[in-house]
Structures are given as C-alpha cells and as structure tokens.
> 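Questions regarding the structure given below will be posed in turn.
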Amino acid sequence: MKEYKPQEIENKWQKVWDEKGVFKTPQYSEKKKYYALVMFPYPSGTLHVGHVKNYVIGDIVARYKRMKCYKELNPFGYDAFGLPAENAAIAHKIHPKKWTLDNINTIRGQIRKIGISYDWDREVITCMEDYYKWTQWIFLKLYEAGLAYKKPGAVNWCPSCQTVLANEQVKEGKCERCGTTVTMKYLEQWYFKITDYAEKLLEGLDRLQGWPEHVKIMQRNWIGKSIGAEIEFPVEGMDKKIKIFTTRPDTIYGVTFMAIAPESPLVMELVTEECREEVENFLAKVALEDRFKRASLEAKKEGVFVGRYAINPLTSEKIPIYVANYILYEYGTGAIMAVPAHDQRDFDFAKTYNLPIKQVIRPEDGEWNIHEKPYEAEGIMINSGPFDGLKSIEGKEAITEYIQTKGFGKKSVQYKLRDWLISRQRYWGAPIPVIYCEKCGIVPVPEKDLPVKLPENVEFLPTGQSPLTLSEEFKHSICPKCGSHAHREVETMDTFVDSSWYYLRYVNPKDDHKPFDTNDVNYWLPVDQYIGGVEHAVLHLLYSRFITKVLYDLGYINFDEPFENLFTQGMIYKDGWKMSKSKGNVVSPDDMIEKYGADTLRMYILFMAPPEKDAEWNDAGIEGVNRFIKRLWTNFYKVLEIIKQSNDDNTEFGKEEKNLRRKLHYMIKKIKEDIEGGFKFNTAIAGLMEFNNQLSDYLESTKSPNKKLLEEVAEKLVLILSPFAPHMAEEMWSDLGKNTLIVEEKWPDYDANALKEDELTVVVQVNGKVRGRITIPADLSEEDVKKVALESVSKVIEGKSINNIFYVKGKLVNIVVN
RNA sequence: GCGAGAGUGGCGGAAUUGGCAGACGCGCUGGACUUAGAAUCCAGUGGGACUGAUAAUCCCGUGAGGGUUCAAAUCCCUCCUCUCGCACCA
C-alpha cells in the first residue's frame, strides 16, 4: 500500500502547476470570465492561520469555478504602505522598505506552500513605484474633478501614531490601528469629497444583491441619510437668522428653546453683554472636555442662555437661545430648534433648566404624560393651529410646504458621512503629488512627472510632523506652471487610498503607461466574488466603491460598483482570543503544514465552522481531519488495487452496488449545492467524510467488489476532493493513470437516475410520535402505504378510533387517533 | 438607547421550503492489536424511567413561557441572555 507523504506530494505538484503555468490568467478563450479576489494583506509580519482562512475560502471558490469551465483571474498582492509596516520597521530599526519586502517574501513562501491557485505573475505591491505612481494619478484625477481639496479644520489626531485619521478610522473614540484615545487638532488637511457621492453610494447598495445585508446596513448607517427641513428663525432685535435642520418640522409648534453648538461662531455673535462672561466660561469648559466623552449618551446635557430670543416663524413666539454641549457643530447647521415634548435630548435639557414642555403630537390612541417622558413616535398633531388633526407624517409635508411658500425655509437632506481625510503626517506612504508655488498656489504635479518618488534616506521617526519635511532634496521643487521656486507637499496619502483601487491594477499589473487598460478592466470587472473580513465594512469597502464611482463618472470604466458578490469570513480565535504575537496564541500555517500537510490544513480550516462564523482553533480538531484524510487515502488505494487486479467488466449492479452508487451521486449533488448555496464548506466536507465511511463499509462488507463501480467512484471522488485537497487529489488522479492534470478537469455532474431508490423507509407516527418504520417499494400507492403503516403499529392503536392519516410522500405517515 | 445576528449533547456544529432532533468531527467509555505505549481498527455515547440483564418499550429534551398545527429547533406573541456594529446625527 502506498504511504501518504503529504509534504512530498505537495512539493511535487506545486512544482508541476508552476512549470505548466496552469493558474495563469487566460487571455483569449470562449469561456466566461470569473474574477475571484481576496482582500490583500498588510505585510507587517508573518501570516497566521486566520489569514490563511481567507485565502483558502477564495481558493475553493476559484478552483471550483475553474472546474466549472470559467476562465479565471485569481490574483494576490500586498497592501504594503502604511502605519503597521512603518511602526514595525521603527521597532526593528530597519528601513520600512526592506522590512516590508522581507515580509512579503516570507508571506509569499507561506502562501505557496498552501497550494493557493494564484496567478503569481500579477502580484501587486502598493509601495512600489510602478504602483504608487498610479495611486498618485488617481489623486490627480480627483483633484482635476474638484473631488480632492485642502481645508483647515478640526481633525482626529492619534497621539501615538502621530498622525491624523479619517472618521472611519476612529472606533469608539479610539485609533482603529493602535487603540489610543483620539484627540482633536486644528490642521489644514487634504480631503476626498466622498460626501458628493453620499446619494450614489446609498443608491448603489440597493443593487448589490450579492452583499451580506449586515454590511449594507453598516454602510447605510454610516452614510446616515436624514430627510427633513432647513428652517430659519429670526433673532429678536437683530438682523440675523438662525438656520436649523430638523427631521420633525411637524413639531415646530412645540419649540420652546433653541440650542447652538459651542463651536459655532454664531454663539459669540449673539451673546449679550450681560451673558458674555457666563457663556465664555461655558465655552472654555466645553473646550477642555474630551470630545468623545462629551458626545456620548451618558454625558450630562448642559448649556447657558446667550441672552437673546428667536422668533418662531409660525407662531411668532419668543423663544430663548442657548448654547448647549449636546449640539454637534459638524452635523446639520450646528443649531437646532428644541422640542422637549418630542425629543429625549431636548427633554433632558428642558428638565435640567426648567424650560417649558409643550406637547404638539399625541398618540393615535391612549394617554401620554408628556412631563414624564417625551413622545417621540408618530401621532396626531395638536396645539398646532391650522395643522391640528393632521397625522404627523402628513404634517411634515404640510409644514415643509408652508414654510417653503412663506420663504422661512426649505426641504433638506443631511448625511452623517464626512469627507475622507486622506493626508497623513507619516513617511511610509505615497507622496501627495502637489507642489506649492509662491505665485501660483497649489499646483498639481503634471502626469508626465509621476511618480513623485518617496525618498529613501529620510529619518522617519514619528514626530507629528511629516518626516518628508526633513528632506530638503525632496521638498525643493520648481513650479510646473511658472517655473519659480516652489516646494512639494510633504504629507503622504492614507493607505486606504492605495487599497481603494488595487483590484483594477491586477488586470494590467505591468502596464507602465496607464493604471489599467479600459477594455481589459471593463471585461474583467466587476469582481465576481470578493472575500475578506467584515472589519472593512465602512473603510476599504466604502472607499473602493467611492473610487469606482468616480472613475465611472470620469469615463475610465463602464461599471460603477467594484464587487458584485461579497463574502465576509469569520475570524479564528485561539484560547478565546484573536491571534496575536503579544498574546502568544498564534498558530502558524507553516507548523501545521510540516505536521499534517497543506491539504489537512486547508480542510480543517473549512471544516471547523461555517466560514462566515468566528471559530476557535482546536488542535484535536485538525487531528481528526488528518485522520479522515489518511482513511480516504487508504480507501482510495484499496480501490485502486481492486481495479488493477480485477478483469470483471460486469455493469449489472447488485443492491449494494446500486446503494453505493446512489450515495456517490448524492454526495456530488450535496457538495455542489453546499458550495453554490452559500459556501457551506463545513457540511460539504462532512459529506465527503460520510461518503468515505460508506465506501469503507462497502469495501468491508462485499465479497466481490465491482470493478466498474469502483472506477466511477474513484474518479468522481477524486474530482470532488480536488478543490479542497488539491495535492493529494492530483497524486491520486495521476495514479488512476490519467495523463491530464486534475486542476484542468471538469467538475462532475450527478446522475439523477442513480439517486432513485427502489425501496424507501417511511416513518410511522401515531399522534405525532414515532412508533415504527416501514420499508416499502418506492412506487407504492398512497393508499397502500397507509395500509402497511396501519398494520405496522396495530398494537399501539388497538382499540382506538382513527381520525385522520397524513402521508408525506416517501417520508412519513402520521396516524391521528383518540 | 438604536440596528443586525445568534442561543441545539461534554465541545465545534448538522437539520430552518414545518415532517425521524443531534449528520459530520472532537472528546469520552469499552474492546481488538501490542511486552507496553503510540498509531490503527471495531463497538457505544442527549437525559431519564422500566428490567436481574438483554432485546424491547415508555417519558423528557433545541434559552424561558405561551400560541397555531395531525406534526414546531423551524411559524406567531411575550420575555431573557450573548455577540457584533453605531452611538447626543436634531
């Protein structure tokens, strides 16, 4: 019997695949295209099995589709710029470039050993000039389109990373990378105008049928669209109006005060002499507060009267104006009309400062004590003059309409989404291709001068200042417009800019004249299946959609969504924790391959849980899968031996043969359905195990195994196995005497005829409880089945009257008695 | 607080178009092989009752409680717990 030596056969077949170039992307063929893509890694260390899960899932999909006769683009690359690599490089006192490229070499080696079917010729590394040149090109295109701009303002600052962060990179007030509490700074920074695309990004989500609902919901929430009205409230005794945004214009008769954000310049314009001191003290106090604490629900609502009153344009009522800590300057207009009767926050504030609470909406039925709790739901308008009696939904329309005709305001839509802050005060990124000229101001670097090279001999310790400031050679430049003395932008781009377009580069990774070829990209994109972690829901996945939509609007591509189908895989935990070096709970794929081989590793990762779920690594679990693989190997070579020894050409199958053949085809059907019906690889592998057990039973029980049957079993079993355990499948295929490569074979179809059974086992229930089972010919009539069923439980139903008999065809009979 | 998802043996998980709950694997128990162990193979394995024991039979059981139905892990109502995301967005 041939011994199973995984490392040996894995090396052998990986070499063969390489030499024959079987995973190279076909350029010309009749086949339909399929673009399978996994989120590329940050090369900031070595891979652990959690990363590998991503690539294995992608590889099963790619190999399956390849066998289903698609022509495949299945590339891999590295998100090589950015803070993690830079921080690691600082810690290890070597240059980020060397550190990054060393890691890439390690990772590439790790992945090759797993037998992932990538087209390695298309590898993309974002920190290389031939890539970031085109990242800079994208910046220029956005700049030309008015979608990249520089503005001063309050920005998120990570004191540990010593750089600004985009809103999407702040999680619960902490830096998404390092967990340090984010503070605020006033800085002039570069932004991409993603807010211009809020509506398009929202609309596109509805078309993405192949995306998980929870990711779409996260994006919708992040974009945060609200429909309402902008209304202007005149200030008494001043030629000034306060503009507010509200989603509840129907509650305007219930306004009892106004509130303005502390940061708003309006505050100091409105404040009266008597109140000035108190207001200034309040502003000073708020300025010192942590802004994320201030913006949390638990924070107490506080404010001060500014000394003035506004006039409600509908009622002409005089209402006091406050500056209040719970008003956000960045959202809406930075000022609100406060309706304590119908808003919890206004209610809390009114209670604290003893302000009136005026109910203007009542529930459709039932009582409501407005002094106990605000009523925030829809209802019927009351105390609202001519609008009394309207439903609040109608009231919204009616009042918006009214203020619009009177010129007090207009319908308005607001979004929570903020523009994407893309400049960083760090070294390891693509330089922003812009020059500052004393005469011409901001001048973009001409396309022909790209790339703006990142200098390598620069001190890059994080100081809060861009390290490129230190390089006179880099900074010094000449204005491309007027030729006078100028200096370069010293800040670099956020790595999320690099990764927001890499899926396009894979199509023409070596083209040095353009970022991609429009025809080729239009052919290969959108990506058919994208696979990665859910942590990118409102980061990379949002940015990529934005960049794609911009390139679409600029006419470079003919699709406006990059990823047709998205799959988010769960994480692998060990000892209850995410794997990390500091926790010391990292499971290395290399160790597992050395111990069990890549095929076992691949299969265990898929078997441990449904792929979208988080799973706990279990050393005993991988042993179990390894046992299965060895049993399968043994069975296969037993079968092969029988085939070789036998001259029997009998195709008349007995009961056992028919039975085994049915189970074979049942497995083929099940695995196809498991893969296509939502990547249920865990149950697909269970199906393989089950069939292997059945094959063992057959080999053990039968005296004269049938050669023809076993030939079919061996061939189809190996084909089905091949996406999961490609190396051993290739070895088995070749031992079957085939002179093709299994990776180039077709996925077998099941034979519906083989699935038919001559005899069925039917469960017999009495009053819904299983009381027996009967074996019947498959074609027995319903009447006869019932008869047999009744007989089989005659003891149980003796002396009882039969009320009803239900028959579920081929499955179950339920006899109802009393 | 809002939004989404999930609660099934000792464990990971199957079954969700209502139709045999616990597939498959781990673990555990017993056995075979062995000087012994490892490996491998075979058998058993939700809880309980009955029985001297076996076979058989019965009862209970999918977070809790109620409902619909011949039949509920699956559908409906009420509640609890956990995970994730957002978090004063007017």
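So that the names make sense, note that chain A is the first sequence line, chain B the second, and so on, each numbered from 1. No experiment lies behind these values; they were computed from the predicted model shown.
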> Which nucleotide, in any strand shown, forms a Watson-Crick or G-U wobble pair with C75(B), with both distances under 3.5 Å?
G67(B)
> Ignoring hydrogens and angles, are the base of C86(B) and the side chain of K416(A) linked by a donor-acceptor pair under 3.5 Å?
no
> For R773(A), which contact category applies under a 4.0 Å heavy-atom criterion: base, sugar-phosphate, or nothing?
base
> Roughly how far apart, to the nearest Å, are A73(B) and U34(B) at atom P?
49 Å
> Grab the CD-P distance between Q765(A) and C20(B) for me, whole Å please.
7 Å
> Could you tell me which nucleotide pairs with G13(B) by Watson-Crick or G-U wobble geometry, both distances under 3.5 Å, or answer none if nothing does?
none
> Say we look at G61(B) and G9(B): how far apart would their P atoms be, to the nearest angstrom?
14 Å
> Please give, in whole Å, the distance from G85(B) C1' to L539(A) CG?
12 Å
> Rounded to whole angstrom, note down the P distance from G44(B) over to A49(B).
22 Å
> Quick one: look up who A36(B) pairs with, Watson-Crick or G-U, both distances under 3.5 Å, and put none if it's unpaired.
none
> Under the 3.5 angstrom rule, does the side chain of K663(A) hit a backbone N or O of Q694(A) as a donor-acceptor pair?
no
> Any donor and acceptor pair, going by atom type alone, linking the side chain of N156(A) with main-chain N or O of V170(A) inside 3.5 Å?
no
> Just the rounded figure in Å: distance from C1' of G1(B) to CG of D346(A).
16 Å
> Between S544(A) and L541(A), is there a donor-acceptor pair closer than 3.5 Å when you use the side chain of the first and the backbone of the second?
no
> Got a sec: does the CD of E199(A) have more than 12 other heavy atoms crowding it under 6.0 Å?
yes
> Between K171(A) and C86(B), does any side-chain N or O lie under 4.0 Å from OP1 or OP2?
yes
> Expressed in angstrom and rounded to an integer, what is the separation of I244(A) atom CD1 from C88(B) atom P?
20 Å
> On RNA chain B, does the nearest nucleotide to M608(A) precede the nearest nucleotide to T246(A) from the 5' side, or the other way round? Give the residue.
M608(A)
> Taking a pair as Watson-Crick or G-U wobble with both distances under 3.5 Å, which nucleotide is matched to C41(B)?
G31(B)
> Are Y637(A) and W633(A) close enough, and set up right, to give a ring pair (Phe, Tyr, Trp, His ring centres under 6.0 Å), and what steps lead you there?
CA-CA 6 Å; Y637(A) 283 97; W633(A) 179 271; 4.6 Å; yes
> Show your working on ring pair (Phe, Tyr, Trp, His ring centres under 6.0 Å) between W617(A) and Y604(A) and close with a plain yes or no.
CA-CA 10 Å; W617(A) 183 271; Y604(A) 174 59; 4.9 Å; yes
> Of all the choices, C26(B), A90(B), C20(B), which nucleotide is nearest to the side chain of S226(A) once you look at every atom?
A90(B)
> Ring centres within less than 5.5 Å and planes less than 30° apart: is that true of F806(A) and C70(B) in this structure?
yes
> Among A15(B), A90(B), C24(B), which nucleotide sits nearest the side chain of E690(A)?
C24(B)
> Please lay out, stage by stage, how F349(A) and Y326(A) fare under the test ring pair (Phe, Tyr, Trp, His ring centres under 6.0 Å).
CA-CA 9 Å; F349(A) 192 85; Y326(A) 72 99; 5.6 Å; yes
> Which sits closer to the 5' end of RNA chain B, A615(A) or E700(A), going by the nucleotide each is nearest to?
A615(A)
> Measure from the side chain of W222(A), starting at C-beta and using heavy atoms only, and say which of C59(B), A87(B), G25(B) lies closest.
A87(B)
> Between A90(B), G13(B), C24(B), which nucleotide gets closest to the side-chain atoms of I327(A)?
A90(B)
> Using atom CG of D614(A) as one end and atom P of G5(B) as the other, report the distance to the nearest whole Å.
17 Å
> Which nucleotide, A15(B), G19(B), C26(B), lies nearest any side-chain atom of K680(A)?
A15(B)
> Is there a side-chain polar atom (N or O) of N682(A) under 4.0 Å from OP1 or OP2 of G12(B)?
no
> Find the partner of G5(B): check Watson-Crick (N1-N3 plus N6-O4 or O6-N4) and G-U wobble (N1-O2, O6-N3) distances, both under 3.5 Å, and reply none if neither fits.
C82(B)
> Figure out the CE/C1' separation between M689(A) and C26(B), and round it to whole Å.
10 Å
> What's the closest nucleotide to the A686(A) side chain, out of U40(B), A90(B), C24(B)?
C24(B)
> Under 3.5 Å, is there a donor-acceptor pair between the side chain of D419(A) and the main chain of T195(A)?
yes
> Just how far, in rounded Å, is P of G12(B) from NZ of K53(A)?
15 Å
> Looking only at the side chain of R771(A) (C-beta and beyond, no hydrogens), which of the listed nucleotides C26(B), A15(B), C58(B) gets closest?
C58(B)
> Could you check which of G19(B), C24(B), G13(B) has an atom nearest any side-chain atom of F607(A)?
C24(B)
> Rounded off to whole Å, could you give me the NZ-to-P distance for the K769(A) and A21(B) pair?
11 Å
> Mind checking if V816(A) touches a base, just sugar-phosphate, or nothing, with heavy atoms under 4.0 Å?
sugar-phosphate
> Between A64(B) and A15(B), how far is it from one C1' atom to the other, in whole Å?
23 Å
> Taking 4.0 Å as the cut-off, does a side-chain nitrogen or oxygen of R627(A) come that near to OP1 or OP2 on C26(B)?
yes
> How is G624(A) classified with respect to the nucleic acid when contacts are heavy atoms under 4.0 Å: base, sugar-phosphate, or nothing?
sugar-phosphate
> Between G25(B), A23(B), A90(B), which nucleotide has the shortest distance from any of its atoms to the side chain of N693(A)?
G25(B)
> What integer number of Å spans the C1' atoms of U74(B) and G18(B)?
6 Å
> For the P atoms, the ones on A6(B) and on A90(B), what distance do you get once it is rounded to whole angstrom?
28 Å
> Tell which nucleotide pairs with G61(B), taking only Watson-Crick or G-U wobble pairs whose two distances are both under 3.5 angstrom.
none
> Report yes if a side-chain nitrogen or oxygen of K670(A) is closer than 4.0 Å to either non-bridging phosphate oxygen (OP1 or OP2) of A14(B); otherwise report no.
no
> Between the base of C70(B) and the side chain of N814(A), is one N or O donor paired with an acceptor at under 3.5 angstrom?
yes
> What interatomic distance, in whole Å, is found between P of C24(B) and the corresponding atom of C41(B)?
16 Å
> Is the count of non-hydrogen atoms from other residues, nucleotides or ligands lying under 6.0 Å from K411(A) atom NZ greater than 12?
no
> Give me the distance, rounded to whole Å, that separates A14(B) from U62(B) when you measure between the C1' atoms they each carry.
12 Å
> Tell me what R220(A) touches on the nucleic acid: a base, only sugar-phosphate, or nothing, going by heavy atoms under 4.0 Å.
nothing
> Among the nucleotides A90(B), G3(B), A23(B), which one has an atom lying closest to any side-chain atom of I217(A)?
G3(B)
> When you check the glycosidic angle of G7(B), does it come out syn, meaning within 90° of 0, or anti?
anti
